[in-house]
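Structure, as structure tokens:
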Amino acid sequence: MNPTTVDYLLWGALPYVVLAVLIGGTIWRYRYDRFGWTTRSSQLYESRLLRIASPVFHFGLLVVIIGHVVGLLIPESWTDAVGITNDQYHVTALSLGGIAGVTTLGGIALLIWRRRTTGPVFSATTVNDKVMYLVLVAAILAGIATTLLSAVAGLTGAHEADYRETVSPWFRSVFYLQPDVAAMTAATGAFKLHALIGLALFALFPFTRLVHAFSAPVWYIFRPYVVYRTRDKEPTQSTRPIRRGWT
């Protein structure tokens, strides 16, 4: 199938527009809306459901992200080189991807239920939040559908529905600044829809509460010890040696 003008716009130009919006929007948000750079936590209003829904959603999402990194960035030739067969790859992708997708969907469903049924939380929900939830749920549902389709395609040999031969080469080619529009054109409608929803999510990213993902407290792991000073002028024999913190 030869790419059309629409294909070149969607898979050749649109990704760079989205990257420009993502990078430019993030810089703008950081410079001019630092006080809005937050999750706008509603834990004070309700914490019982949040203690369950938030970890479920975030842990599921973490596995989903890892799965996308492996599936999109690692070529099929690499997995073949280490002895992972096509069937093994797709069975693993179906099992782990399916579990992660359902877990993420369950977590966000609980978060939405909490936000809709808890008065103060619902009152604090903006139109921006509603759009974000809508696109995020659509991305998760499309991802679960494409995971199932890809696994079935890989096991049955239906190459046109195998994202490792269509979506993955296109995704990597975008970063080479030579987008493989033909590869994406050969993908099925489900994969194209999932890719478009993903692009929409990235375009919305800097302007929603999702931007807090760029503020993960990684520095906390490397922080110095908290030093407590003793009131004793001189340590006694029973006093443990004083260890200095970072200076």
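Computed from a prediction, not measured in an experiment: that's the story for all the values here.
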Should Val181 and Trp170 be marked as a side-chain contact (heavy atoms from CB on, under 4.5 Å) after you check the CA-CA gap, both sets of side-chain angles, and the distance that decides it? CA-CA 7 Å; Val181 178; Trp170 165 77; 5.5 Å; no
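- Between Tyr8 and Thr185 there is no side-chain heavy-atom pair separated by less than 4.5 Å.
- Contact detail for Leu136 and Phe57: the closest heavy-atom pair is CD2-CZ, 3.8 Å.
- Between Ser77 and Asp80, the side chains place no donor N or O within less than 3.5 Å of an acceptor N or O (distance only, hydrogens not considered).
- The two residues Ala139 and Leu201 make their nearest non-hydrogen contact at CB-CD2, 4.4 Å.
- Under the 4.5 Å side-chain criterion, counting only non-hydrogen atoms from C-beta, Val135 is in contact with Ile197.
- Sorted by first and then second residue, the side-chain hydrogen bond (donor to acceptor under 3.5 Å, both in side chains) pairs involving residues 128-141 (not counting sequence neighbours) are Arg40-Asp129, Arg115-Tyr133, Thr126-Asp129, Asp129-Arg209.
- Taking the six-membered ring where the residue is Trp, Tyr32 and Trp28 present tilted rings, their angle falling between 30° and 60°.
- Placement of Val18 and Leu134 in two distinct hydrophobic clusters is found when ILVMFWY residues are connected by side-chain heavy-atom separations under 4.5 Å, directly or transitively.
- Legend: residues meeting side chain to side chain contact (heavy atoms under 4.5 Å, CB included) with Thr85, ordered by chain and number and at least two apart, are Asp87, Gln88.
- At a threshold of 4.5 Å between non-hydrogen side-chain atoms, the residues Met132 and Phe207 do not count as touching.
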Throw together a table of side-chain donor-acceptor distances under 3.5 angstrom for residues 58-73, partners on residues two or more places apart or in other chains.
residue, atom, partner, partner atom, Å
His58, ND1, Ser54, O, 2.8
His58, ND1, Ser54, OG, 3.3
His68, ND1, Val64, O, 2.8

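- Taking CH2 of Trp11 as the reference point, atom CG of Asp7 lies at 8.0 Å (rounded to 0.5 Å).
- Here the OG1-CD1 distance, from Thr92 to Ile84, works out to 7.5 Å after rounding to the nearest 0.5 Å.
- Val56 is not listed as a side-chain neighbour of Leu110, based on a closest heavy-atom distance of 4.5 Å or more.
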Decide yes or no on side-chain contact (heavy atoms from CB on, under 4.5 Å) for Tyr89 and Glu76, but give the supporting numbers first. CA-CA 9 Å; Tyr89 176 89; Glu76 186 174 358; over 6 Å; no
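- Atom-to-atom distance recorded for Thr26:OG1 and Phe205:CZ is 7.5 Å, nearest 0.5 angstrom.
- Side-chain contact between Thr79 and Arg164 is present, with heavy atoms from C-beta onward closer than 4.5 Å.
- Side-chain atoms of Thr208 come within 3.5 Å of backbone N or O of Leu210 as a donor-acceptor pair.
- Between atom CD1 of residue Ile112 and atom CG of residue Leu105 there is a gap of 8.5 Å, rounded to the nearest 0.5 Å.
- Listed by chain and residue number, Leu19, Val174, Leu177, Pro179 satisfy the side chain to side chain contact (heavy atoms under 4.5 Å, CB included) test with Tyr16 (two or more places apart in sequence, or in another chain).
- One hydrophobic cluster, built from ILVMFWY side chains closer than 4.5 Å, holds both Val137 and Leu193.
- Under the 4.5 Å side-chain heavy-atom criterion for Ile, Leu, Val, Met, Phe, Trp and Tyr, Val17 and Leu9 are members of distinct hydrophobic clusters.
- The salt bridge (charged side-chain N to carboxylate O under 4.0 Å, His left out) search around Arg172 returns none, not counting sequence neighbours.
- The two atoms that bring Leu14 and Leu196 nearest to each other are CD2-CD2, 4.0 Å, heavy atoms only.
- Criterion: ILVMFWY side-chain heavy atoms under 4.5 Å apart, direct or through other members. Under it, Ile23 and Leu204 are not part of a common hydrophobic cluster.
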Please test Thr166 against Met184 for side-chain contact (heavy atoms from CB on, under 4.5 Å), starting from the C-alpha separation and ending with a verdict. CA-CA 5 Å; Thr166 54; Met184 196 62 191; 5.7 Å; no
Dump the intermediate steps for side-chain contact (heavy atoms from CB on, under 4.5 Å) on Leu111 and Leu50, then the final yes or no. CA-CA 7 Å; Leu111 289 173; Leu50 187 63; 3.9 Å; yes
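- Val131 is connected to Leu199 through a chain of hydrophobic side-chain contacts under 4.5 Å among Ile, Leu, Val, Met, Phe, Trp and Tyr, so both are in one cluster.
- Residues meeting the salt bridge (charged side-chain N to carboxylate O under 4.0 Å, His left out) test with Arg114, sequence neighbours left out: Glu46.
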Walk me through whether Phe214 and Tyr30 qualify under ring pair (Phe, Tyr, Trp, His ring centres under 6.0 Å). CA-CA 10 Å; Phe214 292 139; Tyr30 183 76; over 10 Å; no
